[in-house]
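Single-structure report; data block below.
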Protein chains: 2
Amino acid sequence: MIEIILAKILLIDDHQLFNDGIRVLLSTQPDLVVCGQVFEEKDILFAVQKHTPELVLLDLNIQGRSGLEIGMQLMSSQPNLKVVILTMYNQPKLFEEALKAGFHGYMLKDSTTAELLEGIRAVIAGRKYYDPRLVKQLSPSISPFKDDFALRANLTFRELEMIRLVREGLTSEEIADKLNLSLFTVKTHRRNIYYKLGIGNVAELIEFASRNGL
Amino acid sequence: MIEIILAKILLIDDHQLFNDGIRVLLSTQPDLVVCGQVFEEKDILFAVQKHTPELVLLDLNIQGRSGLEIGMQLMSSQPNLKVVILTMYNQPKLFEEALKAGFHGYMLKDSTTAELLEGIRAVIAGRKYYDPRLVKQLSPSISPFKDDFALRANLTFRELEMIRLVREGLTSEEIADKLNLSLFTVKTHRRNIYYKLGIGNVAELIEFASRNGL
DNA sequence: TAAAAAATACCTCTTTAGTAGTATGGCGCA
DNA sequence: TGCGCCATACTACTAAAGAGGTATTTTTTA
């Protein structure tokens with residue numbers, strides 16, 4: 001059972017989905033539990049220490065003070081805690097800051113419920129999740145993301161290469177021919193990729209790659 | 001030279017990109033010209049009649065009155081005019097209404113510049129353009145692509161549904177279970193999709209769907 | 001209402017994907 | 001120098017996808 005704290009995100013009234021949508025959404029997930037919900041900065045640390053949740057969903061707009069600071073403080077005080085920013089601000093600069101600060105996720109409030117859940121699950125699974133729209137807007141020169149992501153998902157170069165070729169519609173055999181490898185090798189790589197990403201078939205692989213700009 | 005009128009969209013101050021971003025954006029496009037810009041309802045019809053633009057970018061939040069109404073009025077008075085909704089409201093209901101009303105496009109303000117241009121160009125080219133995020137949220141029964149992409153590719157409703165489920169990583173058997181169909185039926189649909197799209201495997205299907213916002 | 005299109009279903013067969021376990025040479029690093 | 005990671009490769013198996021054909025029912029539409 002995974003426990004989650006909602007940090008202020010239920011107070012946001014500028015997007016109908018979130019008036020109490022996120023709690024409802026999470027309540028439909030048998031393995032996710034909202035163990036706390038706070039609306040002011042002073043309560044967050046206390047709640048986290050009390051519940052020691054797996055993950056905190058953090059709004060960026062917490063009464064004046066920057067949510068980023070609060071989040072960073074949280075992460076340094078609780079090394080195993082995962083902190084995901086959930087905000088309405090689709091601002092590249094904020095996003096870049098959050099990236100640098102090492103947040104485990106950055107999602108936008110107008111995401112679909114499927115996307116939100118995907119993000120939460122990705123982070124719980126030990127990966128990072130950033131809204132694809134933000135990643136797309138990142139200037140490619142800065143983009144610490146690609147390497148960052150590959151490294152954090154523990155994908156090797158060969159594995160990334162496999163993903164690229166699978167996306168082009170090549171079969172394992174065609175990839176083997178192209179790279180002068182044994183078919184067995186290619187299949188081993190694919191298996192490892194699936195294992196690392198926690199997925200089970202090509203469809204999921206390509207959806208995943210598309211979403212994460214691999 | 002394509003002429004465009006911006007209907008109130010420069011007044012929106014809740015998203016930095018649009019304070020004057022859209023005009024700047026369009027000014028970088030040699031073949032697009034902003035021929036007018038209005039901020040109040042009473043000026044729109046006059047401006048359209050004066051400039052007879054190809055396209056109007058219309059905000060939904062025009063001083064109290066529903067932007068949808070204004071847009072419908074515009075379209076009926078100027079049959080050749082293309083009207084694209086550009087709004088910050090990612091609300092399925094609004095979007096569905098706009099679809100029914102026959103608007104040529106519906107874009108969200110937090111789109112990237114590339115997406116905005118893509119949408120504008122699609123509409124100018126005689127196609128329709130709806131933000132993929134909204135389309136994704138639509139209940140499949142309403143799917144707007146009946147008169148758009150699906151028709152071009154001759155994809156039926158059932159086929160689109162198959163694509164959606166395949167993208168979610170479901171196998172043919174799982175789809176069959178979910179929809180209470182025979183496995184044979186699902187496989188037949190998949191075969192037909194591949195034939196229509198000229199592709200040969202799941203990887204290509206999903207790449208294709210991603211690229212085309214199915 | 002007749003024709004066309006869409007959705008449904010079945011059979012057979014080949015190919016590819018996916019799962020599981022194992023193994024080995026190379027390379028970097030502590 | 002030995003441990004871990006990477007890339008490579010194999011066997012053996014099951015599951016699923018894909019290609020080919022055919023056919024019935026329902027729904028749309030001309």
Side-chain angles (χ1 to χ4, degrees), chain A residues 125-127 146-209 214, chain B residues 139-209 214:
Chain A
R127 301 192 297 277
K146 221 170 183 172
D147 304 325
D148 184 71
F149 188 92
L151 279 181
R152 283 177 200 279
N154 289 314
L155 289 174
T156 68
F157 285 114
R158 211 47 161 174
E159 285 163 351
L160 285 172
E161 198 171 17
M162 295 293 151
I163 294 179
R164 243 197 14 258
L165 295 170
V166 169
R167 276 186 85 168
E168 286 178 20
L170 302 194
T171 66
S172 293
E173 199 172 8
E174 288 167 336
I175 293 173
D177 287 348
K178 187 159 190 163
L179 302 181
N180 288 314
L181 294 174
S182 155
L183 171 62
F184 301 117
T185 306
V186 177
K187 293 186 84 171
T188 302
H189 282 309
R190 285 180 80 150
R191 202 201 314 173
N192 292 337
I193 290 167
Y194 289 178
Y195 176 74
K196 286 182 181 175
L197 299 183
I199 58 179
N201 59 40
V202 210
E204 288 176 297
L205 174 60
I206 296 180
E207 265 302 286
F208 184 91
L214 289 184
Chain B
S139 76
S141 57
I142 309 171
S143 186
F145 288 107
K146 269 201 163 133
D147 53 347
D148 195 56
F149 187 89
L151 263 191
R152 280 170 207 285
N154 287 314
L155 289 174
T156 69
F157 162 69
R158 210 48 161 174
E159 286 163 352
L160 285 171
E161 199 170 18
M162 295 293 149
I163 294 179
R164 243 198 16 260
L165 295 170
V166 168
R167 280 186 83 167
E168 285 178 22
L170 302 194
T171 66
S172 293
E173 199 171 7
E174 288 167 336
I175 294 173
D177 287 347
K178 188 159 190 164
L179 302 181
N180 288 314
L181 294 174
S182 155
L183 172 62
F184 298 116
T185 306
V186 177
K187 294 186 87 170
T188 302
H189 282 310
R190 285 181 80 150
R191 204 198 314 168
N192 292 337
I193 291 168
Y194 290 179
Y195 175 74
K196 286 181 181 175
L197 299 182
I199 59 180
N201 59 40
V202 210
E204 288 176 296
L205 175 61
I206 295 180
E207 268 301 288
F208 184 92
L214 286 183

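Computed from a predicted structure; not experimentally measured. Lettering of chains follows the sequences in order, A, B, ..., and the numbering in each one begins at 1.
- The distance between atom CD of B:E173 and atom P of D:dA17, rounded to the nearest whole Å, is 9 Å.
- Taking the nucleotide of DNA chain D with the nearest heavy atom to each of A:M162 and B:A203, the more 5' of the two is matched to A:M162.
- Residue B:T188 places none of its side-chain N or O atoms closer than 4.0 Å to OP1 or OP2 of C:dC10.
- In this model, the phosphate group of D:dT8 is approached by a side-chain N or O of A:H189 to a distance below 4.0 Å at OP1 or OP2.
- What separates CG of B:L181 from P of C:dA9 is a distance of 6 Å, to the nearest Å.
- In this entry the distance linking CD1 of A:I193 with P of C:dT19 reads 13 Å, nearest Å.
- Residue B:T156 has no polar side-chain atom (N or O) positioned under 4.0 Å from OP1 or OP2 of C:dA5.
- Ranking C:dT8, C:dA17, D:dG18 by closeness to the A:V202 side chain, first place goes to C:dA17.
- A donor-acceptor contact under 3.5 Å is formed by the side chain of B:R191 with the base of D:dG20.
- Taking atom CD on A:E204 and atom P on C:dA17, their separation rounds to 16 Å, with Å as the unit.
- In this entry the distance linking CG of A:N192 with P of C:dA23 reads 17 Å, nearest Å.
- Considering only heavy atoms from C-beta on, A:V186 stays 4.5 Å or farther from A:L179 through its side chain.
- Contact check, A:S182 against D:dT8: no side-chain N or O comes under 4.0 Å of OP1 or OP2.
- With D:dA19, D:dT8, C:dG18 as the choices, the nucleotide that has an atom nearest any side-chain atom of B:Y194 turns out to be D:dA19.
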Check step by step if side chain to side chain contact (heavy atoms under 4.5 Å, CB included) holds for A:R158 and A:L181. CA-CA 12 Å; A:R158 211 47 161 174; A:L181 294 174; 3.7 Å; yes

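- If you measure from atom NZ of B:K187 to atom P of C:dC10, you get 13 Å, rounded to the nearest angstrom.
- D:dA15 atom P lies 19 Å from atom CZ of A:R190, rounded to whole Å.
- At least one side-chain nitrogen or oxygen of B:S172 sits closer than 4.0 Å to the OP1 or OP2 atom of D:dA17.
- Rounded to an integer number of Å, the gap from B:I199 CD1 to D:dG18 C1' is 12 Å.
- Between the side chain of A:N192 and the main chain of A:Y195, no donor-acceptor pair closer than 3.5 Å is present.
- The C1' atoms of five pairs define one axis at each end of the helix from C:dT1-D:dA30 to C:dA30-D:dT1, and these two axes lie 60° apart (to 10°).
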